[in-house]
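Lettering follows sequence order; numbering is per chain, from 1. Note that these values count all heavy atoms, side chains included, but never hydrogens, waters or copies made by symmetry.
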Amino acid sequence: MRSTKLVLLALVLCLALSSPALAKVHITFWHAMGAELGEAVDYLTQKFNEEQDEIFVESIYQGRYSDLNTKLVASFSAGTSPTIAQVYENWTDAYYRYGVIVPLEDYMDLTEEEYNDYIEVFRHMNTWDGKLYTIPFNKSNWVMYYNKELIPEPPKTLDEFFQIAKEVSEKTGGETRGFGIRPTLELFHAFLWLNGGDFFDEDLNVTFDGPEGKLALQQMIAMLEDGSALQIDGYEDGAFGDRMIAMYIGSSAGITYAENSVGGKFEFSTTPLPAGVRPGAPFMGTNIAMFASASEEERQAAAKFVKWLTNTENTVYFAIKTGYLPVTYSGLDHPEYVAWLEANPHKAAIANREAFEFGYWQPKIAAWEECRGIIYEMVTKVFLGEDIDLALAEGRMLVEEAIQEMLSERF
Amino acid sequence: MARYEMLAEDQQWRYRLSHFIKRFFLYAVLIGGALIMITPFVWMLSSSLKAPHEISLKYIKWLPESPQWQNYKIAWEAAPFAMYFKNSFFIATVCMLIEVTFSSLAAYAFAKMNFFGKNVLFVLFLGTMMIPGEVMLIPNYMTMVNFGWIDTYYALIVPWTVSVFSIFLLRQFFMSIPHELFEAAVLDGCSKFRYLLTVMLPLSKPALATVMLFKFIGSWNAFLWVLIMTNTPRMRTIPVGLTYFVSDVGAQYNYLMAASTFAMAPILILFLLLQKQFIQGIARTGLKG
């Protein structure tokens, strides 16, 4: 008798415990957000899990972005892909070519209003085949950081910028250089773009070796030669905080590093990149992709989560917590976000409304990872003294090869 | 000393001078070398106590203005380091023990026994060292997936329990032990296995210590393998925790250095304990670390 009761009790308990758990759809979300950024992701995931009882999201930190990519590629062959993950646009293009991702838009039931709420430049970055294959998540833009003590009025144009950089160096007797140059691909891209050029034209023909590219490299070298700029090897924020440089171009997501390095020693602020023959605001950061290995049920659940994650309230929470941008117009206009920007005037440039109008981004092609390496090497060689024309010609040849390989699907 | 006494006074003086000069240069070189070795560690310690704005400066700043002891606390709490430590210790210790067992058995066979195809087999073993690990990462990952070992200790331990390098190192050491000893023992009725246990291994302590230390350090520092083979923090190790402090746009060097300090403390202690054997091991097998 007693044992029957016990069995019954056990059964009831089992049912009570397992039924909601059984009904829940389990989805996995791989990301590369460590420390405080990771806490923000975990907080949102947990909040989502508590708010509803149909879906359980497990967010998993997978190391740095490069590690995440390695792990994703390994998972495709082994069939262990997560439901969703953070991805860069060029990874998306590769995954799209492999056929391992599915368009999130198909599962999100976006109204026209919701669709148009995603900031236009982010929509462009996430569109393949006319669809939002991926959804923007942690987006940042590159801005000019400047020391307000030395530069009360930041430059609006490239000419003003060269002028001010030179003046700062002269005024401080070279103690503080006007600008910090780290021979990165991003910096070369900025000068290239502001001079009116880009890496490729619409048909993927190489264009960075044109007159704009040459001018971009010449301008950077000239700044180093006349002492208005200092070459930096590590992250620029350290040199900026130590007054070695008065301006640098960096990611808005790095603003907390700048705050730490400056440590209240002087006032600093951010401003959009100075305009050359055209203005420009580089946008970067990752998006969320959904993998084809997920079941129909998991896809629906994941799409629900992604929609929730990028809704106004949550995109604003994430933006304030991390320094990334809200991904929707409603997020940008949200009173809480506006108030936060007003309270932190040095961050105003990161959400500069005009910047979204002339945003640009790195090529979203599968071969970009390889091209990046080639172009980075090319820029480094020029900084080490190689002839600009020669370096550009060599860079062009190697990049064309990589593109050809991609187009012939041998990548 | 007796020879020294026999010298004339001015010769004594000259002897003392040349002795002093020799010593002086010897110590200068040694102290210089020691400084070069120790500087990165001192820099790590000093950076771990700095405020963020003191990290990258134009001039070298050896001491922080006021030591930021809380850096250690913040770094410790930034990732589940207690769990990572437990895992690192467990994995490194088990890997080390199993590997030293397997390696000594295999090395013994290669060094002291004659069997068909011994040399071919040994060359094949060495050949596997030529294949870079990165190439095998994805095939190995798929093997682990097929075994159902993802996110378990098996994946983190089993593939690392055989090391060709250790077998090679021990074989070279075993071969240097005179064969007469083996013959004498066998003549006295000692079994081959007992000879390994009671003669060979005790004589090979320096080489064993070297193998163990290499394994422990390798296992302790392993990053990519652990990251790829695991999905949950409860299976991860310290190097994964260190990535928390570096992002694509910046690094929190002070916390990173604090975490690096406590991450490498166990290795340092192990090295100090095994130092004597370790150096002998390298000297006698003719290998550089």
Side-chain angles (χ1 to χ4, degrees), chain A residues 28 30 32-39 58 60-68 70-71 73-80 82 88 140 142 175-176 230 232-244 250-265 284-286 323, chain B residues 47 50-59 61 65 68 74-75 77-80 134 136-151 223-236 239-256 259:
Chain A
T28 44
W30 287 5
M33 300 257 176
E36 284 137 23
L37 304 179
E39 276 166 30
E58 189 186 359
I60 305 169
Y61 171 70
Q62 299 290 20
R64 296 159 299 194
Y65 286 113
S66 54
D67 306 320
L68 174 63
T70 310
K71 191 143 184 185
V73 171
S75 80
F76 299 147
S77 3
T80 52
Y88 274 111
S140 56
W142 278 42
E175 190 71 10
T176 303
L230 179 72
I232 310 279
D233 292 322
Y235 297 110
E236 299 91 338
D237 61 87
F240 182 66
D242 195 32
R243 294 194 179 92
M244 284 154 77
S251 165
S252 59
I255 200 158
T256 44
Y257 296 104
E259 284 166 359
N260 284 336
S261 297
V262 171
K265 280 177 284 187
M284 313 213 176
T286 67
Chain B
S47 296
K50 284 178 182 170
H53 63 89
E54 297 175 291
I55 294 283
S56 89
L57 301 179
K58 223 180 300 184
Y59 309 106
K61 185 173 179 179
E65 271 157 39
Q68 309 285 314
I74 294 169
E77 285 166 359
E134 288 75 10
M136 299 187 290
L137 190 65
I138 290 181
N140 283 339
Y141 176 71
M142 292 172 73
T143 310
M144 293 296 117
V145 170
N146 289 332
F147 284 175
W149 282 1
I150 294 300
D151 226 16
F223 169 68
L224 196 58
W225 180 267
V226 179
L227 189 72
I228 301 282
M229 300 304 151
T230 60
N231 276 330
T232 46
R234 77 190 157 82
M235 278 294 142
R236 289 185 168 162
V240 179
L242 295 181
T243 62
Y244 274 69
F245 305 104
V246 187
S247 78
D248 55 333
V249 289
Q252 297 167 303
Y253 288 112
N254 49 346
Y255 302 145
L256 182 62

| query | Under a 4.5 Å heavy-atom cut-off, does chain B meet the side chain of A/Ala253, its backbone, both or neither? | reply | both
| query | By a 4.5 Å heavy-atom criterion (distance strictly below it), what part of B/Thr143 contacts chain A: side chain, backbone, both, or neither? | reply | neither
| query | Do you know which of A/Glu39, A/Arg64, A/Met284 has the most heavy-atom pairs with chain B at a distance under 4.5 angstrom? | reply | A/Arg64
| request: Could you tell me whether the side chain of A/Gln62 reaches within less than 4.5 Å of the side chain of B/Asn231, counting heavy atoms only? | output: yes
| How many angstroms lie between CG in A/Asn260 and CD in B/Glu54, if you round to the nearest 0.5 Å? | 12.0 Å
| remark: Closest non-hydrogen contact found for B/Tyr141 with A/Ala78 is CE2-CB, 3.5 Å
| note | Nearest heavy-atom contact between B/Thr243 and A/Tyr61 is OG1-OH, 2.6 Å
| message | Can you confirm whether B/Gln252 sits close enough to A/Thr256 that some side-chain heavy atom of one is under 4.5 Å from a side-chain heavy atom of the other? | response | no
| At a heavy-atom separation under 4.5 Å, does B/Ala251 approach chain A through its side chain, its backbone, both, or neither? | both
| said: Rounded to the nearest 0.5 Å, what separates atom CD1 in A/Ile60 from atom CZ in B/Arg236? | reply: 7.5 Å
| message | If I take atom OG from residue A/Ser75 and atom CE from residue B/Met142, how far apart are they, to the nearest 0.5 angstrom? | response | 10.5 Å
| message | For B/Ile55, which atoms come within 4.5 Å of any heavy atom of chain A: side chain, backbone, both, or neither? | response | neither
| query | Given that the side chain runs from C-beta out, which part of A/Glu259 has a heavy atom under 4.5 Å from chain B: side chain, backbone, both or neither? | reply | neither
| Which atoms form the tightest heavy-atom contact between B/Ser247 and A/Tyr257, and what is the distance? | OG-OH, 3.1 Å
| message | For chain B, which candidate among A/Gly38, A/Ala74, A/Ala32, A/Gly238 shows the most heavy-atom pairs at distances under 4.5 Å? | response | A/Ala74
| message | As an exercise, state the distance from CD1 of B/Ile138 to NZ of A/Lys71, rounded to the nearest 0.5 Å. | response | 12.0 Å
| task | Please state whether the side chain, the backbone, both or neither of B/Leu137 comes within less than 4.5 Å of a heavy atom of chain A. | result | side chain
| request: Using a cut-off of under 4.5 Å on heavy-atom pairs, state which of B/Thr230, B/Leu224, B/Asn146 scores highest against chain A. | output: B/Thr230
| said: I need the A/Thr80 OG1 to B/Asp151 CG distance, nearest 0.5 Å. | reply: 11.0 Å
| query | Are B/Val246 and A/Tyr235 side-chain neighbours, meaning at least one heavy-atom pair lies under 4.5 Å? | reply | yes
| Part of B/Tyr253 within contact of chain A (heavy atom distance under 4.5 Å) | side chain
| Pairs of heavy atoms under 4.5 Å with chain B: top-ranked of A/Ser251, A/Gly263, A/Ser77, A/Gly254 | A/Ser77
| task | Look at atom CD of A/Glu36 and say whether more than 12 heavy atoms of other residues, nucleotides or ligands are closer to it than 6.0 Å. | result | no
| remark: Test side-chain contact (heavy atoms from CB on, under 4.5 Å), reference A/Asp67, set B/Ile228, B/Leu227, B/Val240, output is B/Leu227
